[in-house]
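For this chain, numbers begin at 1 and follow the sequence in order. Note: hydrogens, waters and symmetry copies are ignored here, and every other heavy atom, side chains too, is used.
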Amino acid sequence: MALVTFLSDFGDQDYYVPAVKAKMLSINPQLNIIDICHKIEPFEIEHAAFLLKSVFREFPKGTVHLVGINTADDLTQGYMGAKLEDHIFICPNNGILSLITEQEPGIMVQFADIHLQDTPFPTKDILAPIAAKVASGAAIHDFGGPLKGFRKLMSRQAKATREHILGHVIRIDRYGNLITNIQREVFEKLNPGKFTIQFGRESVQRLQKGYGQVELGDPYAFFNSLNLLEIGINHGHAGNLLGLKRDSVVYINFEN
């Protein structure tokens with residue numbers, strides 16, 4: 001299956017997304033192009049990485065993932081292809097790959113000058129043709145030579161001791177739910193049985209199994225499908241009602 005996912009910060013009100021798709025389909029009209037998201041705030045690599053990290057493993061192995069985030073930014077160190085966890089990524093060398101997994105890519109290719117153009121639209125003119133050809137059977141080696149290293153960024157990590165976990169909100173979804181960087185595995189390893197989760201002016205002493213299991217207007221917390229601690233208010237926007245935003249602190253205090 002010639003399958004390509006497409007992630008960008010282009011929005012849906014301009015010609016950018018259809019132009020990129022048209023370029024790929026002109027190379028292989030049989031391509032199956034799946035949109036991950038195009039409504040990322042401009043240049044928000046962390047948001048893009050969160051989405052990509054959350055879903056790329058759900059696609060079949062061998063899927064080609066085209067990433068059009070910060071492709072023309074001064075901090076982008078060229079363009080690359082990588083094989084990572086049996087998936088292929090075609091993207092700018094701007095650090096996004098370092099935020100989606102702790103594993104090192106098995107293969108990394110720096111795209112050769114012959115495939116590069118002096119263009120204001122590198123996602124369409126440089127990355128899209130390569131993505132289409134790789135999805136159609138070409139190897140990423142066909143487009144350049146070995147890349148020994150790639151740009152890396154550091155994501156904010158939760159801090160844990162036997163007494164507490166200090167984490168942060170990393171994403172507020174469209175319902176106002178607060179997704180944190182506190183992992184289920186860390187919580188379960190440290191949890192003695194009694195705990196308090198503190199977020200803004202509210203706190204809870206128990207975990208729910210999902211959404212809507214408390215009274216309307218009450219706060220709740222549970223580990224979501226990504227195994228990350230998520231906080232919400234039943235039928236309310238937790239971010240607005242609690243005055244919390246991305247990078248706001250969330251504490252878990254353990255009672256031994």
Side-chain angles (χ1 to χ4, degrees), residues 5-14 17 34-59 69 96 99-100 155-160 163-255:
T5 74
F6 184 19
L7 172 67
S8 79
D9 57 1
F10 296 156
D12 59 5
Q13 296 180 334
D14 296 295
V17 170
I34 306 296
D35 294 300
I36 291 180
C37 182
H38 300 296
K39 292 188 176 181
I40 293 167
E41 290 296 318
F43 320 119
E44 279 284 354
I45 288 182
E46 288 187 355
H47 181 194
F50 173 78
L51 292 180
L52 194 56
K53 179 179 182 179
S54 300
V55 303
F56 85 85
R57 297 179 185 87
E58 305 295 333
F59 289 94
I69 304 289
I96 190 168
L99 298 178
I100 69 172
S155 60
R156 187 188 291 274
Q157 301 292 322
K159 298 179 180 179
E163 289 77 32
H164 68 268
I165 298 175
L166 188 157
H168 293 84
V169 176
I170 60 174
R171 176 69 186 149
I172 302 177
D173 70 13
R174 71 185 303 267
Y175 299 99
N177 299 316
L178 312 172
I179 301 173
T180 78
N181 59 355
I182 298 175
Q183 299 178 3
R184 180 197 296 268
E185 179 182 7
V186 175
F187 172 82
E188 291 182 347
K189 186 177 296 184
L190 296 173
N191 180 23
K194 294 185 67 176
F195 58 86
T196 299
I197 302 174
Q198 184 75 42
F199 40 95
R201 59 182 179 273
E202 295 286 349
S203 65
V204 296
Q205 285 76 43
R206 59 175 297 185
L207 291 170
Q208 306 298 327
K209 294 183 178 180
Y211 304 97
Q213 297 182 343
V214 297
E215 296 293 327
L216 291 180
D218 283 351
Y220 59 87
F222 72 102
F223 283 97
N224 62 23
S225 61
L226 302 174
N227 288 316
L228 296 175
L229 183 71
E230 185 167 332
I231 294 163
I233 291 179
N234 193 8
H235 281 238
H237 192 293
N240 292 340
L241 292 172
L242 298 173
L244 300 178
K245 56 186 179 180
R246 194 175 74 176
D247 284 338
S248 290
V249 172
V250 175
Y251 291 100
I252 302 180
N253 294 306
F254 298 117
E255 301 177 30

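- From Thr180, atom OG1 reaches atom CG of Leu226 across 10.5 Å, with rounding to the nearest 0.5 Å.
- The two atoms that bring Ala221 and Leu229 nearest to each other are CB-CD1, 4.2 Å, heavy atoms only.
- In plain terms, the two heavy atoms of His38 and Phe6 that are nearest each other are CE1-CD2, 3.3 Å.
- Here the closest heavy-atom approach between residue Gln157 and residue Ser155 is recorded as NE2-OG, 2.8 Å.
- Ile231 places none of its side-chain heavy atoms less than 4.5 Å from the side chain of Glu202.
- Closest of all the heavy-atom pairs between Asn181 and Gly167 is OD1-CA, 3.4 Å.
- Residue Arg57 places its CZ atom among more than 12 non-hydrogen atoms of other residues, nucleotides or ligands, all under 6.0 Å distant.
- Scored by the ring pair (Phe, Tyr, Trp, His ring centres under 6.0 Å) test, His47 finds no partners at all (sequence neighbours excluded).
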**Report entry** Candidate pair Asn224 and Asn177, rule side-chain contact (heavy atoms from CB on, under 4.5 Å), full reasoning
**Finding:** CA-CA 11 Å; Asn224 62 23; Asn177 299 316; over 6 Å; no
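- Between Asn234 and Asp218 the shortest side-chain heavy-atom distance does not fall below 4.5 Å.
- Rounding to the nearest 0.5 angstrom, the gap separating the CD1 atom in Ile179 from the CZ atom in Arg171 is 7.5 Å.
- Atom NE2 of His168 and atom NZ of Lys159 lie 7.5 Å apart (nearest 0.5 Å).
- Side chain of Asn191 to main chain of Gly193: a donor-acceptor pair is present (N/O by atom type, distance under 3.5 Å, no hydrogens or angles).
- Within 6.0 Å of the CD atom in Gln205, the count of heavy atoms belonging to other residues, nucleotides or ligands exceeds 12.
- Pairing each heavy atom of Ile172 with each of Val169, the nearest pair is CG1-CG1, 4.0 Å.
- Residue Glu255 qualifies as enclosed at atom CD: its count of foreign heavy atoms under 6.0 Å is above 12.
- Applying the 6.0 Å contact sphere to CD of Glu215 captures no more than 12 heavy atoms from other residues, nucleotides or ligands.
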Requested in this report: Could you go through the side-chain contact (heavy atoms from CB on, under 4.5 Å) check for Phe56 and Leu7 one step at a time?
Outcome: CA-CA 11 Å; Phe56 85 85; Leu7 172 67; over 6 Å; no
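- In this structure, Ser8 and Val17 approach most closely via the heavy-atom pair OG-CG2, 4.2 Å.
- A side-chain donor-acceptor contact under 3.5 Å links Asp9 to the backbone of Phe43.
- Taken from NZ in Lys194 to CZ in Phe254, the straight-line distance is 14.0 Å, to the nearest 0.5 Å.
- With rounding to the nearest 0.5 angstrom, the CD atom of Glu58 is 11.0 Å from the CD1 atom of Ile36.
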For residues 241-253, please give each side-chain donor-acceptor pair under 3.5 Å, one per line with the distance, not counting sequence neighbours.
unit_1	atom_1	unit_2	atom_2	d
Arg246	NH1	Glu44	OE1	3.0
Asp247	OD1	Arg156	NE	3.4
Ser248	OG	Lys245	N	2.9
Ser248	OG	Lys245	O	3.0

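- For the atom pair Arg174 CZ and His237 NE2, the distance stands at 10.0 Å (nearest 0.5 Å).
- Listed by first and then second residue, the ring-ring contact (aromatic ring centres under 6.0 Å, His included) pairs involving residues 189-221 are Phe187-Phe195, Tyr211-Phe222 (not counting sequence neighbours).
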